[in-house]
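See below for the structure under consideration.
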Amino acid sequence: MLLTVKDACELHPMALDYSMSEQVENLSDVIAATADTARDFFGKNYVTKGMETLLNQGLRRLGGRTDQAVFELKQAMGGGKTHSMIALGLLARDSSLRAEIVPEIARDSAFGNANLVALNGRLGFEETFVWVKSPINSARALNSPNSGAKAPKLPPKRTG
């Protein structure tokens, strides 16, 4: 007899928790992630076919096995774009985790541990990161978020 979805699956305890704060992932979390938190991430996230494609292509690029350097993630909201990018970052920065989680892909994209930079637009740092002042294409400031320099404030929008 074929099992029903209800009989074949076991819900993760967070699946019915209405507190979204623990379920919403941030790209910047990948920077501070430890091997244990990375394993926890992969323990609660299923590697979908789309994620597997990104991992395969992205890790092969980092390993010098392909020239493809741009990857367009087209999923709708809630389709796994952030999770896929976090997964790629976690695996790129840790070759032993890569061999453990996706051994076939790891063998085809052999390289060491990658250094990562993560930009998270939810943090509000955009005022101090990069700004360009006239004339067009003349970069006047390329600031470190810690430099204290601020981007110029835009004038208020005029109505009427």
Side-chain angles (χ1 to χ4, degrees), residues 1-132 142-147 150-151:
M1 181 170 138
L2 190 61
L3 293 175
T4 66
V5 171
K6 184 178 178 181
D7 292 333
C9 297
E10 182 179 325
L11 282 177
H12 189 281
M14 283 178 40
L16 300 177
D17 184 0
Y18 288 99
S19 168
M20 292 301 291
S21 63
E22 293 182 23
Q23 297 179 31
V24 175
E25 303 287 351
N26 290 308
L27 286 176
S28 56
D29 292 345
V30 74
I31 299 298
T34 65
D36 287 338
T37 57
R39 282 184 186 85
D40 288 346
F41 174 86
F42 286 104
K44 67 180 180 179
N45 289 286
Y46 178 76
V47 177
T48 64
K49 194 67 171 165
M51 183 188 290
E52 182 180 1
T53 299
L54 176 66
L55 296 176
N56 185 37
Q57 293 176 353
L59 294 171
R60 289 185 76 231
R61 170 65 178 171
L62 292 172
R65 301 291 305 269
T66 180
D67 291 334
Q68 182 176 349
V70 177
F71 306 97
E72 183 180 5
L73 304 178
K74 297 182 186 180
Q75 296 96 330
M77 186 172 175
K81 295 177 296 294
T82 302
H83 279 77
S84 294
M85 290 186 288
I86 289 172
L88 178 59
L90 292 172
L91 295 175
R93 69 180 274 188
D94 187 336
S95 59
S96 60
L97 182 68
R98 192 179 325 133
E100 178 184 326
I101 302 295
V102 288
E104 310 80 30
I105 295 173
R107 280 191 295 275
D108 194 36
S109 58
F111 64 94
N113 296 338
N115 294 319
L116 300 181
V117 174
L119 300 179
N120 183 342
R122 297 179 188 156
L123 296 179
F125 68 84
E126 59 278 355
E127 288 183 348
T128 58
F129 190 66
V130 175
W131 55 274
V132 176
L142 180 60
N143 300 319
S144 160
N146 299 322
S147 71
K150 296 284 184 192

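In what follows, every heavy atom counts, from backbone to side chain, and hydrogens, waters and symmetry copies are set aside.
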Looking only at heavy atoms, the pair that brings L97 and A38 closest together is CD2-CB, 3.4 Å

Would D108 and R65 count as a side-chain contact (heavy atoms from CB on, under 4.5 Å) if you check the C-alpha gap in whole Å, the side-chain angles of each, and the deciding distance to 0.1 Å? CA-CA 8 Å; D108 194 36; R65 301 291 305 269; 3.1 Å; yes

query: For the side chain of R98 and the backbone of F111, is there at least one donor-acceptor N/O pair under 3.5 Å apart?
result: yes

When rounded to the nearest 0.5 Å, the distance separating CG of L3 from SG of C9 is 9.5 Å

OG of S84 to CD of E52, rounded to nearest 0.5 Å, is 11.0 Å

Nearest heavy-atom approach of I105 to L59 is CG2-CD1, 3.8 Å

Flag side-chain contact, heavy atom, 4.5 Å: F41 against V30:
no

Distance col, row M85:CE vs M51:CE, nearest 0.5 angstrom, shows 10.5 Å

Worksheet item: Taking atom CD of E10 as the centre, does the number of heavy atoms from other residues, nucleotides or ligands within less than 6.0 Å exceed 12?
Response: no

Between R39 (side chain) and A35 (backbone), is there a donor-acceptor pair under 3.5 Å? yes

In this structure, CZ of R60 is separated from CG of D67 (nearest 0.5 Å) by 10.5 Å

In this structure, CG of N113 is separated from CG of L91 (nearest 0.5 Å) by 11.0 Å

Note to self: Are more than 12 heavy atoms, taken from residues, nucleotides or ligands other than D7, located less than 6.0 Å from that residue's CG atom?
What the structure shows: yes

When every non-hydrogen atom of A92 is compared with those of L116, the smallest separation belongs to CB-CD2, 4.4 Å

- Query: For the side chain of T37 and the backbone of A33, is there at least one donor-acceptor N/O pair under 3.5 Å apart?
  - Reply: no

